[in-house]
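Heads up, the thing below is written out as structure tokens.
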There are 2 protein chains.
Amino acid sequence: MNIAQHLSTHDIKPSYQRIKIYEYLYEKMNHPTVDLIYKNLVGEIPTLSKTTVYNTLKLFIDKGITSTVTIEDNEVRYDAIMDAHGHFKCTSCGAIYDIKYDFKDVAMNELKGFEVKETQVHVKGKCNQCLTNKN
Amino acid sequence: MNIAQHLSTHDIKPSYQRIKIYEYLYEKMNHPTVDLIYKNLVGEIPTLSKTTVYNTLKLFIDKGITSTVTIEDNEVRYDAIMDAHGHFKCTSCGAIYDIKYDFKDVAMNELKGFEVKETQVHVKGKCNQCLTNKN
DNA sequence: ATTTATATTTGTAACGATTACAAATTTATG
DNA sequence: CATAAATTTGTAATCGTTACAAATATAAAT
């Protein structure tokens, strides 16, 4: 995957910071917060500003190559995977798993006559690892 | 529904403020924000403090008679309906609709071996009213 | 090339929602 | 009625996010 080209295709000029931020999102797939992105890149880009991370993510969202994930009320996370999918967050270890769901199964009866643009499915609980380790 | 009794049953002493806050949640069913609750009750309870609203909602959540709904990243809403259900938010008029969904249809294949405690389904788009009115 | 314009990044200050905390008030207990 | 405990309140602190203007980098024009 050529990131610069991917950005260009979506009408985003591929600056150094933008490439690095998208690269982090896309390769780590860890649904990071702004703070996590900043902390992981500031070593490599010492002049990086948190404002740039905010600006860049907002731009990515506007251009449709990033989405937000808000499982916990107080933390916004970001995701470069744009296919419809849900998230499971383990309340014990904090890990976030991507889960597939069948879009048409989710309440579509109730929404006849409505125009659906976006669906988010969030599940919380304990992951199998934490269950076997009794965390 | 006797609210004082409902609170007592859940180990919450039914103070005046708590009763009024729960009553608002339960009767309006409008998924209000803290601010909306405060603004709607301060007329009737002039000494009411926003901190009390926060404290009270946190208590309700701890005791399991209220849940949070975070459809938009930047606003937490509260709901006294505890049955599993999802929410549709109209991006045009802002109204929030409750929607039913079949729990077992939502990605349960993927979560074998996981312990599911909580599921949230959020859908955004335009409601039928706004579509016919071309809002 | 050099200047000029435009876009991007950066740092600081401002903002708003939430929380911490201690004083004031209310309710329960002896 | 006095004392203790619980609840409410107001203020200040905190944290994530945004506004804004200066600084820097990139592109376009001469």
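The chains referred to below are lettered A, B, ... by the order of the sequence lines, with proteins before strands, and numbering in each begins at 1. Model, not experiment: these values are computed from the prediction.
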Completion exercise
Rounded to whole Å, the CG-C1' distance (A:N55 to C:dT10) equals 10 Å
Handout entry: Length of the CG-P vector between B:L57 and C:dT18, whole Å
Key = 10 Å
Exercise for the section: Keeping the roles fixed (side chain from A:H85, backbone from A:D83), state whether a donor-acceptor pair exists under 3.5 Å. Expected result: yes
Handout entry: Whole-Å distance separating the CG atom of B:L41 from the P atom of D:dT8
Key = 13 Å
Problem - Aromatic ring pairing A:F60/A:Y22, orientation class (parallel under 30°, perpendicular over 60°, tilted between) - result: perpendicular
Exercise for the section: Using a cut-off of strictly less than 4.0 Å, decide whether A:S49 has a side-chain nitrogen or oxygen near OP1 or OP2 of C:dT9. Expected result: no
Problem - Worked verdict on A:K89 versus B:E118 for salt bridge (Lys or Arg N to Asp or Glu O under 4.0 Å) - result: CA-CA 10 Å; A:K89 176 164 181 175; B:E118 195 190 322; over 6 Å; no
Exercise for the section: Would you check if the side chain of B:R77 reaches a backbone N or O of B:T68 as a donor-acceptor pair within less than 3.5 Å? Expected result: no
Problem - Sub-4.5 Å side-chain heavy-atom contact between A:E23 and A:K20 - result: yes
Practice task
Determine the contact category for A:T52: base if any of its heavy atoms lies under 4.0 Å from a base atom, sugar-phosphate if only primed atoms, P, OP1 or OP2 are that close, otherwise nothing.
Solution key: base
Fill in the blank from the handout: B:Y16 atom OH is separated from C:dA28 atom P, nearest whole Å, by 16 Å
Exercise for the section: Look at the side-chain N and O atoms of A:Q17 and state whether any lies under 4.0 Å from the OP1 or OP2 oxygen of C:dT10. Expected result: yes
Problem - Distance in angstrom units between A:K20 NZ and C:dT9 C1', rounded - result: 17 Å
Practice task
Identify the heavy atoms of B:K28 and B:N40 that sit nearest to each other, and give their distance.
Solution key: NZ-OD1, 4.3 Å
Completion exercise
Whole-Å distance, B:E44 CD to D:dT8 P, equals 15 Å
Is there any protein nitrogen or oxygen under 3.5 Å from a nitrogen or oxygen in nucleotides 14-18 of chain D, and what are the pairs?
unit_1: D:dT17; atom_1: OP2; unit_2: A:Y54; atom_2: OH; d: 2.5
unit_1: D:dT17; atom_1: O5'; unit_2: A:Y54; atom_2: OH; d: 3.2

Handout entry: Chi angles and distances behind the side-chain hydrogen bond (donor to acceptor under 3.5 Å, both in side chains) call for B:D79, B:S67
Key = CA-CA 5 Å; B:D79 192 346; B:S67 63; 4.9 Å; no
Handout entry: Side-chain N or O of A:T47 closer than 4.0 Å to phosphate OP1/OP2 of C:dT10
Key = yes
Handout entry: Length of the CG-C1' vector between A:L48 and C:dT8, whole Å
Key = 13 Å
Handout entry: Between C1' of D:dA6 and CG of B:D11, the distance in whole Å
Key = 13 Å
